[in-house]
Amino acid sequence: MSAYSELKAFAQRGEPIGPGGDTSEAWQIRGMDIATARPAAVLVLLGHLDDKPARIHSPAVPDDLDVLFVTRAGTLRNHPGQVAFPGGRIDDDDAGPVAAALREAEEETGLDPAGVEILGPLPEVGLPVSNYLVTPVLAWWSAPTPVRVVDHAESSHVFRAPVAELLSAEVRFTAVVRHKGREHRTPAFTIDGITIWGFTGLLLSRLFDGLGWTQPWDESREQDAPIGRDRV
């Protein structure tokens, strides 16, 4: 089965990729005020790299499979400098999470939404730091277009990362946040000097788990999270 077929089947099953009460990441949903939580959506966009196949081979995926990320501007109030999937708050005039995810992705990266095939929205995930309920929208980049930083006040970097490299045990570790006497941990990845951790690292790791792509890695290898003003 191709990566596209696996992703499409996963979306059709509607499996959650966020944390649940029986997981080690359960702290992510503590403190959520569901009554006042704001809806948001992110675009989890996978496709084929244009000209840069992965340097590390994985038996789980093709060498040219990639996923799109943005690095948030360091001046933002929430999650400054962190790597994220394109996305943001669902506005009142959006037709829903899919429309919001596409709109935000176009505004942040300049991609052409016409080349994006929506595979399906996944169950909402709580993000307590900013009190958002986030809908991950899984999509396939059927006709990739150039991407860039559109608004430097919002993003500092837009990049596509080879999935095979993200699956490598060499780039994976557990990021640790120590705050007010507590410790929190999330899956993390380092690729080309960029660290993906926190909410995005958690979603990415759980997506790989759900697809059956995860390769053995050492969860006991811990490093301090590269936090800015945020703690999660």
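Computed over heavy atoms, backbone and side chain alike; hydrogens, waters and symmetry mates excluded.
The backbone N or O of V83 lies less than 3.5 Å from a partner atom in the side chain of T200, making a donor-acceptor pair. Judged by distance alone, with hydrogens and angles left aside, the side-chain atoms of E108 form a donor-acceptor pair with the main-chain N or O of G87 at under 3.5 Å. Remark: side-chain polar atoms of E165 are paired, donor with acceptor, to backbone N or O of R55 under 3.5 angstrom. The backbone N or O of A164 sits nowhere less than 3.5 Å from a side-chain atom of S58 that would complete a donor-acceptor pair. Side chain of T186 to backbone of W197: no donor-acceptor contact under 3.5 angstrom is found. Within the 3.5 Å criterion, the main-chain N or O of G115 finds a donor-acceptor partner in the side chain of S142. Without hydrogens or angle criteria, T135 side chain to P97 main chain gives no donor-acceptor distance under 3.5 Å.
Nearest heavy-atom pair across A169 and P216 is CB-O, 3.4 Å.
Put simply, the residue from V171, L203, L166, L202 that forms a side chain to side chain contact (heavy atoms under 4.5 Å, CB included) with I196 is L166. The side chain to side chain contact (heavy atoms under 4.5 Å, CB included) test with T109 is passed by exactly one of V70, L43, L45: V70.
Separation of atoms CH2 (W141) and CG (L68) is listed at 5.0 Å; rounding is to 0.5 Å. The structure places NZ of K8 at 12.0 Å from CG of L138, a figure rounded to the nearest 0.5 Å. The CZ atom of R172 lies 12.0 Å from the CD1 atom of I191; values are rounded to the nearest 0.5 Å.
Classified by interplanar angle (parallel below 30°, tilted 30° to 60°, perpendicular above 60°), the ring pair F85/F69 is parallel.
If you chain together hydrophobic residues whose side chains sit under 4.5 Å apart, V98 and L122 never meet in one group. Hydrophobic clustering keeps V158 apart from L46 (ILVMFWY residues linked when any side-chain heavy atoms are closer than 4.5 Å, directly or through intermediates). No continuous path of hydrophobic side-chain contacts links V150 to L111 [ILVMFWY only; heavy atoms under 4.5 Å].
Partners of D91 under the side-chain contact (heavy atoms from CB on, under 4.5 Å) rule, at least two apart in sequence or in another chain, are R89, D93, D94, R103. For E6, the salt bridge (charged side-chain N to carboxylate O under 4.0 Å, His left out) test picks out no residue, with sequence neighbours left out.
Judged as a ring pair (Phe, Tyr, Trp, His ring centres under 6.0 Å), not a single pair has a partner in residues 96-130 (not counting sequence neighbours).
A heavy-atom distance below 4.5 Å is not found between the side chains of L133 and P39.
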